[in-house]
Amino acid sequence: MANNIQAIRGMHDVLPDQTPLWQYAERTLRDVLGTYGYSEIRLPIVEKTELFKRSIGEVTDIVEKEMYTFEDRNGDSLTLRPEGTAGCLRACLEHGLLHNQVHRLWYYGPMYRHERPQKGRYRQFIQLGVETYGMSGPDIDAELILIMDRLWKKLGIRDKVRLQLNSLGTIEERLVYRTVLVDYFRGHLAELDEDSLRRLETNPLRILDTKNLAMQTLAANAPALMDYLGADSLAHFNTLTETLDSLGVSYDINTRLVRGLDYYSKTVFEWVTDELGSQGTVCAGGRYDSLVEQLGGKPNFAVGFAMGIERLLALIEVAGHVPTTRCVDVFMIRVGEAAEREGLRFAEAIRNEVPGLKLQVNCGGGSFKSQFKKADKIGADYALILGDDEVSRGEYGLKSLRNDQGQQTLTQEQVITFLQEYTLQAEPA
């Protein structure tokens, strides 16, 4: 016998007993973004490889090691998207959305990175991205943080996350700081690990964000970028923190927070947690004004964030806020030829008259006993019972499966009225 084909390592199925949690989180995300007036944009999964080389940077780990890149039949180099910001900005530039316009956009879907799989880090992972264009002030930076603050509260996990802030200043300010930082680390070459030695030549700011515990004291004692910011960058950051203070949003200033991609400037932020082990960043983002021009557009303003959904769901589970979701409200039991025919007709009539009711009809036959077992196993609240005798009398049995109420005998109109009242009571306040 041939071996069964299994899923690719680091790419997981979401099984039926897991999808209710996903749907709950997705509904909440859409609801929160809708309250702030954000619009959805849907983007291709595959983009030209050059897009990511130009946006992310050729000397980043993502481009050097992690991208799924291939040649298509025309000889073009294509890549499964490793992140969403570049593709979203490419779409806006391609379709002329940034010309004298302001946009608040969001997207949702799979991203791909060839990393070593571990809990909270996968090769195919689902990400929410939120991007805004055309707004230069720190008020839009604050709005993005408020969106996440509201989301955490709606999901019941606000006490599980902390906001960290930093400013990366402008490209010119970072170039000055880069020289100072390289000089500092060159004075401690013996203490640098292999990754840090490589980054010293390519992206020395990433050393500040090292996960190597043995190097974190060295990184903490490095010169702070904040000391090299100009007046405009400092004013932008100070206005942001003052705004958050006035709104009661708590935060920590983390001068080692630099983000992993080259295109960030000024504000950067992360929402972190201690509940998920080493994968402690749940949401991250910041301002990337220079990327618009870098991808061929006219100078513009941009700020956004991305959130890994798998980590979000893990945090909801840790916090014990998993919603109880029932896939079926009513299970229809049918025994006999007349009941089989009448059951399908009546089920459609119920669906017409009782929108929102989750009604599943037994298919494939079986005795009353076996069908009752199915109804109980799927967690239905009620069993609606049809036999040939009931059909001939125009009657239907209705039995609660969750309490000791006896079976009722009802007419078609009475069944519909009962189920309409049931759905009204089941609706959230």
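In this text the structure is predicted, and so the values were computed from the model without any measurement.
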Between [Y] and [X], is the closest basic N to carboxylate O distance under 4.0 Å?
X	Y	result
Arg162	Glu270	no
Arg402	Asp376	yes
Asp141	Arg287	yes
Lys153	Asp149	yes
Glu348	Arg351	yes
Arg42	Glu40	yes
Glu194	Arg198	no

Is a donor on one side and an acceptor on the other found under 3.5 Å between the side chain of [X] and the backbone of [Y]?
X	Y	answer
Thr239	Ala235	yes
Gln371	Gly366	yes
Ser233	Gly230	no
His103	Leu98	no
Asp289	Ala302	yes

Can you name the residues that form a side chain to side chain contact (heavy atoms under 4.5 Å, CB included) with [X], not counting sequence neighbours?
X	answer
Glu115	Glu66, Arg113, Arg121
Glu275	Lys160, Thr273, Leu315, Val318
His99	none
Asp76	Asp72, Asn74, Leu78

Flag for [Y]-[X]: side-chain donor and acceptor within less than 3.5 Å:
X	Y	answer
Thr79	Thr69	yes
Glu71	Ser77	no
Asp329	Tyr422	yes
Tyr251	Asp245	yes
Asp252	Gln164	no
Thr241	Asn238	no
Glu143	Tyr38	yes
Asp193	Asn212	yes

Notebook entry, point to check: For Tyr288, which residues count as a ring-ring contact (aromatic ring centres under 6.0 Å, His included) partner, sequence neighbours excluded?
Noted result: Tyr263
Item checked: Pair Phe418 + Tyr382: ring centers closer than 6.0 Å -> yes
Next item on the list: To the nearest 0.5 Å, tell me how far Trp22 CH2 sits from Ile126 CD1.
Entry: 5.0 Å
Next item on the list: In sequence, state the C-alpha distance, the side-chain angles, and the governing distance for Gln216 and Thr210, and then conclude on side chain to side chain donor-acceptor pair (under 3.5 Å).
Entry: CA-CA 7 Å; Gln216 288 186 357; Thr210 179; 5.9 Å; no
Margin query: Suppose we screen for salt bridge (charged side-chain N to carboxylate O under 4.0 Å, His left out). Which residues come up paired with Arg73, at least two apart in sequence or across chains?
Written below: none
Item checked: Tyr177 and Tyr228 aromatic ring geometry - parallel, tilted or perpendicular at 30°/60° bounds -> tilted
